[in-house]
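For ligands, and for the atoms within them, numbers begin at 1 and follow the listed sequence. The figures that follow rest on heavy atoms only: side chains count, while hydrogens, waters and symmetry mates do not. For this chain, numbers begin at 1 and follow the sequence in order. Remember, predicted model here, so these are calculated numbers, not experimental data.
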Amino acid sequence: MPEVLHETLAELRDAFDDARRDPSFWNSYVALMANYAGRPTPVTYCDNLTRRFGGARIYVKREDLNHTGAHKANNVMGQGLLVQRMGKRRVIAETGAGQHGVATATMAARLGLECTIYMGAEDVERQHPNVFWMRQLGAEVVAVTDGTRTLKDAINAALRDWADSMADTHYVLGTVCGPHPFPELVTYFQTIIGYEARRQMLEVAGTLPSRVYACVGGGSNASGIFTGFLDDPAVELVGVEAAGKGIATGQHAARLAGGQGRTGVAQGYKTVFLQNEEGLMRDTHSVAAGLDYIGVGPMLAHLHQQGRVRFESATDAEVVDALRVTMRSEGIIPALESAHAFAGAFREASGLSSDDTILINQSGRGDKDIFTVADALGDEGWVDFIRHKAEGYAR
Ligand SMILES: *Cc1c(COP(=O)(O)O)cnc(C)c1O
């Protein structure tokens, strides 16, 4: 981290330590998530999927039913409360596909904070619906034209802003990466998923899950649900990364599964990155924009080294298949990111017995993926629809 930010990071660390020692802070967070975001999200038993795979009983934790449609709201609303506690009036954030930007803009609107979102110019063009919603929610969206005009350039621009504005501004980091205390801070808020899920499995299934599956981009939804079960040694934890077009093709985002990641230091933290021999960051690929990232949460990399979390991967093709099966069997539309966790679970369900239970973290809902999924499924009516819309505007 640039030296100018050291003092601000220390201030954030102290504010977080203070908040976490104060039980009323966690209670105010849980209350906000209950009456604003609709928590607790349910755990749903999936009888049709269970019968289809013929092994373990399959349960799904429904973060798709959280406000703004994913687990991201847990982190941003929590950081919002911390911002109020620190007495700052403005927030900034980086965003790639735009989901974290929309969640942050939502929080800022609700809590009455000024909001600036940094987004690579390339992403601003590719993800127009999210840019539209961020602006409607009152955020300023800055298109970053440096470098490759994507996420890492947006992060650098956000850090430059922060170095100039830290007296009244908080940087809302989107996942369990970056400098301390962010990995711990974001995990802290996301553990609400794991605490709820553990209690709900005991209520709904009458037992703890044999295995818990979560997709891993930066690693926040996985860290959130896994933390609820870390002290239960019988519960196996499985993280599923993006194998993209296949690990062997090099076009993927699997840092821990597949063994291509190497330890390094970048953007203020040490973890396993996808990098080349010279330490330059590699290009990553996934059909799911939220998993398309070079680094992974340092705490997850540690749990991988310890053998507490097993890492697997799923290809784009397996993920689209898992999505199709889940939609048809249960009337649930997982986000493409979440569909990685489903794909990993489906592969292993039949190897377990009907005494076993599997819990899949559905990190978000798939409505946002309509462009990508319609394309992947080769839906011709969709192409006609887009063409007619465009012709309508041209007239
Ligand atoms: C952003 C996102 C992810 C990836 O982020 P993590 O920090 O790895 O959880 C996964 N699922 C959904 C729905 C997302 O929006």
Side-chain angles (χ1 to χ4, degrees), residues 41 60-76 78-79 93-104 106 119 123 127 129-130 133 151 172-178 182-194 212-227 238-242 253-257 269 271 284 286-301 303-304 309 311 313-314 319 322-323 326 332-344 360-369 372-373:
T41 59
V60 174
K61 175 65 172 165
R62 302 290 306 280
E63 291 303 295
D64 57 313
L65 298 179
N66 210 22
H67 181 44
T68 71
H71 69 292
K72 286 196 166 68
N74 305 334
N75 170 41
V76 297
Q79 288 199 44
E94 85 294 346
T95 195
Q99 296 302 113
H100 176 57
V102 171
T104 303
T106 301
M119 192 167 183
D123 291 329
Q127 311 286 349
N130 280 337
W133 286 125
L151 180 61
V172 184
L173 213 137
T175 188
V176 290
C177 293
F182 282 110
E184 243 182 279
L185 174 67
V186 177
T187 299
Y188 171 79
F189 292 121
Q190 294 293 1
T191 53
I192 197 167
I193 308 173
V212 180
Y213 293 84
C215 67
V216 182
S220 68
N221 85 90
S223 296
I225 196 159
F226 290 168
T227 304
V238 186
V240 185
E241 293 178 290
R255 294 122 319 172
L256 298 171
Y269 70 116
T271 192
T284 52
S286 171
V287 68
L291 303 189
D292 198 353
Y293 180 59
I294 48 163
V296 62
M299 289 146 81
L300 283 176
L303 291 167
H304 168 65
V309 178
F311 282 83
S313 64
V319 163
L323 175 62
T326 307
I332 290 174
I333 308 178
L336 279 166
E337 290 83 2
S338 321
H340 284 70
F342 284 78
I360 302 169
N361 196 28
Q362 183 178 351
S363 52
R365 63 171 189 232
D367 316 38
K368 68 179 177 61
D369 299 320
T372 314
V373 174

So, [X] and [Y]: side-chain donor and acceptor under 3.5 Å apart, yes or no?
{"X": "T284", "Y": "D292", "answer": "yes"}
{"X": "N74", "Y": "E63", "answer": "yes"}
{"X": "T106", "Y": "T68", "answer": "no"}
{"X": "H71", "Y": "S220", "answer": "yes"}
{"X": "N221", "Y": "Q190", "answer": "no"}

Using a strict 4.0 Å cut-off to heavy atoms of [X], name the atoms of ligand 1 that fall inside it.
{"X": "G290", "result": "4 (C)"}
{"X": "G364", "result": "13 (C)"}
{"X": "C215", "result": "10 (C)"}
{"X": "G217", "result": "8 (O)"}
{"X": "A335", "result": "13 (C)"}

Indicate yes or no: does an N/O atom of [X] lie under 3.5 Å from an N/O atom of ligand 1?
{"X": "S220", "value": "yes"}
{"X": "G219", "value": "yes"}
{"X": "G218", "value": "yes"}

Where [X] and [Y] come nearest, the two heavy atoms and their spacing:
{"X": "A103", "Y": "V76", "answer": "O-CG2, 3.5 Å"}
{"X": "T95", "Y": "H100", "answer": "OG1-N, 3.7 Å"}
{"X": "S223", "Y": "V176", "answer": "OG-CG2, 3.9 Å"}

>> Out of T95, V296, N221, who is nearest to atom 9 (O) of ligand 1 when you count heavy atoms only?
In response: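 Among T95, V296, N221, the closest heavy atom to atom 9 (O) of ligand 1 belongs to N221.
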
> For atom 15 (O) of ligand 1, which candidate among H71, E63, E337, K72 provides the closest heavy atom?
Replying inline: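 Residue with the shortest heavy-atom distance to the ligand atom: K72.
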
> What is the nearest protein non-hydrogen atom to atom 12 (C) of ligand 1, stated with its residue, atom name and distance?
Replying inline: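 Of every protein heavy atom, S363 OG, 3.5 Å lies nearest to atom 12 (C) of ligand 1.
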
